[in-house]
Amino acid sequence: MSAARLDIERVRKDFPILQTLARGKPLVFLDSAASAQKPQAVIDAMVDLYSRSYANIHRGVYELSERSTAAFEATREKVRSFLGAAETREIVFVRGTTEAINLVASSFGRARVGEGDEVLITHMEHHSNIVPWQMLCDEKGATLKVAPIDDDGSLIVEEFEKLLGPHTKLVALPHVSNALGTVNPVKDLVRRAHAKGVPVLVDGAQAVPHQRVDVRDLDCDFYAFSSHKLFGPSGVGVLYGKAEHLEAMPPYQGGGEMILSVSFEKTIYNEIPHKFEAGTPDIAGVVGLGAAIDYVEALGLDAIAAHDHELLEYATGALSEVPGLTLVGTAPEKAAVLSFVLDCAHPHDIGTILDQEGIAVRTGHHCAQPVMQRYGISATARASLALYSRREDVDALVAGLAKVREVFA
Ligand code: 7TS
């Protein structure tokens, strides 16, 4: 089925920041993998909540609190549908991907992983999907195992399979790598892990802005993503967990909202998902995430995926023509990320010169230092694309890189 095409110029009008200047030049924003820009609909939803419907949620008997609660809980249903989850009680609101992974490591991981056990991750993780597992392994006397990647940035599936051993208690892997753009065959990897009785957490931070995700089709046990990469506000994220796991898991944090009753002798915990939502959440942030989901659903996830893919191919071709440029991460299955090095300039110098042209790219290790170590480099420059990116942005990048060569080559 061919997807409807995105009308990019119309889409761009939805994002006020794209109309602004950077260093006196039209902004060319190529850092959406770090955080995406926000459409007016998201900004309006948050302003509207604060202007007309704001109160603390789940507590008040009065009308304003009921409205605020309804707006908050409506987002839970939007997320459920967005991820294809079976029930809203499988959707936990957290601060972001990082907190979602820490929640699973602290609660599920602590209960499941013991001395001599293993947690399996991949060589292409963001630090957020390394450090919580490392902390867990240190605490429990367990071992962190790392599935290797090929030179092109693909996971070596046979090696992954071999590392799934009798001591493996948990697998955590990225759906899409932030540093390389590799899209992992998650459904297949989950199937292989489940065949050995091992549950899987998927870090979906870089996947949800670019493709439809169906957690029941993937059959993953946990799926984490951040609102801010999905055109929603920062400070909010989602942990999807299968109800059977969430029900069995001990709470992550204690406090208000996560209890049914408290006495000094005994506390009875609330039902899921509230058991994992201690304290007053980012109410407007969750409402903003709901508006972001409405926005991408209205454009169509298939149309977004087709646009991102087409632009990635265009950008890959254009950058391949730049003298002295090497792309880092050339897996056959890739999404929206172009990491590269130049033979004549350090990535930070590339970023600084591009900035003078109004072009925003990310430079550094992208919180994925083991990926850099794998390729024997300390940093890359990274251009990342989103639904509002266009060929002109790529052309501006190529012209900017010619300036970098003029200065340094
Ligand atoms: N996992 C992946 C794959 C990511 O790309 C990121 C953020 C995170 C986890 C953490 O998300 P957070 O919202 O909890 O911070 N990635 C990036 C990036 O590539 N540049 O800046 C942040």
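When a ligand or atom number is given, it counts from 1 through the structure's own listing order. Counting from 1, the numbers follow the sequence of the chain as shown.
For H126, the ring-ring contact (aromatic ring centres under 6.0 Å, His included) test picks out no residue, with sequence neighbours left out. With sequence neighbours left out, R10 forms a salt bridge (Lys or Arg N to Asp or Glu O under 4.0 Å) with no residue at all.
Applying the 6.0 Å contact sphere to NE2 of H274 captures more than 12 heavy atoms from other residues, nucleotides or ligands.
No donor-acceptor pair under 3.5 Å is formed between the side chain of R374 and the backbone N or O of M124. K169 contributes no side-chain N or O that, together with a main-chain N or O of H167, makes up a donor-acceptor pair within less than 3.5 Å.
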Can you list every pair where an N/O of ligand 1 is under 3.5 Å from an N/O on the protein?
from     : atom 1 : to   : atom 2 : distance (Å)
ligand 1 : 1 (N)  : D203 : OD1    : 3.2
ligand 1 : 1 (N)  : D203 : OD2    : 2.5
ligand 1 : 5 (O)  : Q206 : NE2    : 2.7
ligand 1 : 13 (O) : S226 : OG     : 2.6
ligand 1 : 13 (O) : H228 : NE2    : 2.7
ligand 1 : 14 (O) : T97  : N      : 3.4
ligand 1 : 14 (O) : T98  : N      : 2.9
ligand 1 : 14 (O) : T98  : OG1    : 2.6
ligand 1 : 16 (N) : H126 : NE2    : 3.4
ligand 1 : 16 (N) : K229 : NZ     : 2.8
ligand 1 : 19 (O) : N178 : ND2    : 2.8
ligand 1 : 19 (O) : R382 : NH1    : 2.7
ligand 1 : 19 (O) : R382 : NH2    : 3.3
ligand 1 : 20 (N) : R362 : NH1    : 2.4
ligand 1 : 20 (N) : R382 : NH2    : 3.3
ligand 1 : 21 (O) : R362 : NH1    : 2.7

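Every pair passing side-chain hydrogen bond (donor to acceptor under 3.5 Å, both in side chains) that includes a residue from residues 197-210 is listed here, sequence neighbours excluded: H210-D308.
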